[in-house]
Amino acid sequence: MTDRGSPLAQPLRMPSAGRALLYLALFVAGAVVGVAGALVQPAWFPGGLLLALAGEAGLCLGAARAVGTRGAAVASAAGWALAVVLLTASRPEGDFVFAAGSGSYLFLLGGIALAVMCATLAPVRQPDGDAARLGK
């Protein structure tokens, strides 16, 4: 049971305007990285694929470490995922950004796996209290 006076028992609050703007900027940055990765990954296989995945991992993990929350990694990963999913849809002209090859599938599935790993490995705030209990 948690104590009602502990910092962990506080009710959720709406994020400040600055934090919401920051998450929106990270969402847009994730979308830009997703579009850039979709264009780079087929260019120099496997180097383009590795570069595209490294760009996504760098954005997600860098955002999480810079802001200090998992929400930053999730916001950038959500922007990446939305951009990539929208690029996989077929267009009336019949054009596709992604070819039906192993590189495209590795980009899609590897990017999803990287987003989950970055959001999981992101640092979280530690509550005030005894440092021995928190594993420091």
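Index from 1, following the sequence.
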Do you reckon [X] sits in the same ILVMFWY cluster as [Y], going by side-chain contacts under 4.5 Å, direct or chained?
{"X": "Leu53", "Y": "Val40", "value": "no"}
{"X": "Val33", "Y": "Met117", "value": "yes"}
{"X": "Leu114", "Y": "Leu106", "value": "yes"}

Do [X] and [Y] have side chains that get closer than 4.5 Å, going by heavy atoms?
{"X": "Trp80", "Y": "Val32", "result": "no"}
{"X": "Leu50", "Y": "Gln41", "result": "no"}
{"X": "Leu22", "Y": "Phe27", "result": "no"}

Quiz prompt | Leu49/Trp44 under side-chain contact (heavy atoms from CB on, under 4.5 Å): CA gap, chis, key distance, verdict | solution = CA-CA 7 Å; Leu49 174 66; Trp44 309 293; over 6 Å; no
Self-check item: Leu109 CG to Ser104 OG distance, which is reported to the nearest 0.5 Å
Solution: 10.5 Å
Exercise. Rounded to the nearest 0.5 Å, what's the gap from OG on Ser102 to CZ on Phe45? Could you check?
Key: 4.5 Å
Which heavy atom of [X] sits nearest to which heavy atom of [Y], and what is that distance?
{"X": "Ala115", "Y": "Glu56", "value": "CB-OE2, 3.6 Å"}
{"X": "Pro42", "Y": "Leu39", "value": "CD-O, 3.6 Å"}
{"X": "Ala64", "Y": "Ala73", "value": "CB-CB, 3.8 Å"}
{"X": "Phe107", "Y": "Ala38", "value": "CZ-N, 3.7 Å"}

Quiz item: Knowing that exactly one of Val74, Leu61, Leu59 qualifies, which makes a side chain to side chain contact (heavy atoms under 4.5 Å, CB included) with Cys118?
Solution: Leu61
